[in-house]
> 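Here's a structure for you.
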Amino acid sequence: MDVKIKNVLREGLTFSYEYDFGDTTHITIKVLGKQKGYQLSRIEIMARNNPKEYKCSKCGNKARFYCYECSNYYCEECIENDRSNCYHEIIYEIIEGQNSPRCGVCGYVYNEKGEDEYLPKIKSLF
């Protein structure tokens, strides 16, 4: 495909994207606007996903853990009460700030410092 993304995207456009066929993640993207007068030769993060709020599968409170064995989300209180039903090594802690739809898929784990080199150097534009 020999089409530049700037010739396809326009403000207000919403479209779907499928990432990593096999363990596919379905993403919906909305173009909110265009950044003008700013361009570098390196990759920078220009937008962020809205962080997902995970709810405890047992009580509905904010979840802090996910169990790969039973596919349940747990708050701190419920994980202690239900831990006997799950193997400890497959409990994943949900880190505040993670917002990748790939978290937990194919072994992807959020890394707080992994994005630092891609953050914008000129913060006043955002």
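Note that the numbering runs from 1 along the sequence shown for the chain. Values in this document were obtained by computation on a predicted structure and should not be read as measured data.
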> Quick one: pull up OH in Tyr66 and SG in Cys56 and give me the separation to the nearest 0.5 Å.
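Separation between the atoms: 13.5 Å.
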> How about Val31 and Phe15: do any of their side-chain heavy atoms sit closer than 4.5 Å?
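The answer is yes; the side chains approach within 4.5 Å.
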> I need the minimum non-hydrogen distance between Val8 and Leu13, along with the two atoms involved.
O-CD2, 4.0 Å
> Apply side chain to side chain contact (heavy atoms under 4.5 Å, CB included) to the pair Ile29 and Thr14, showing each step before the final yes or no.
CA-CA 6 Å; Ile29 300 170; Thr14 300; over 6 Å; no
> Please round to the nearest 0.5 Å and tell me the distance separating atom SG of Cys59 and atom OH of Tyr74.
11.0 Å
> Under the side chain to side chain donor-acceptor pair (under 3.5 Å) test, which residues partner Lys55, sequence neighbours left out?
none
> Quick check on the hydrophobic clustering: are Ile5 and Ile27 connected, directly or via other members, by side-chain heavy-atom contacts under 4.5 Å?
yes
> What's the separation between atom CZ in Phe65 and atom SG in Cys75, rounded to the nearest 0.5 Å?
9.0 Å
> With rounding to the nearest 0.5 Å, note down the distance linking OH in Tyr17 to OG1 in Thr28.
13.0 Å
> Say you draw a straight line from CD of Glu11 to CG of Leu9; how long is it, rounded to the nearest 0.5 Å?
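With rounding to 0.5 Å, CD (Glu11) is 11.5 Å from CG (Leu9).
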> Taking only residues two or more places apart in sequence or in another chain, which ones pass ring pair (Phe, Tyr, Trp, His ring centres under 6.0 Å) with Tyr54?
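With sequence neighbours excluded, Tyr54 shows a ring pair (Phe, Tyr, Trp, His ring centres under 6.0 Å) to Tyr73, given in chain and number order.
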> Could you report the tightest heavy-atom contact between Glu76 and Ile79, atom names first, then the distance?
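Looking at all heavy atoms of both residues, the shortest contact is O-CG2, 3.1 Å.
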> List in chain and number order the residues that pass side chain to side chain donor-acceptor pair (under 3.5 Å) with Glu77, two or more places apart in sequence or in another chain; answer none if no residue qualifies.
none
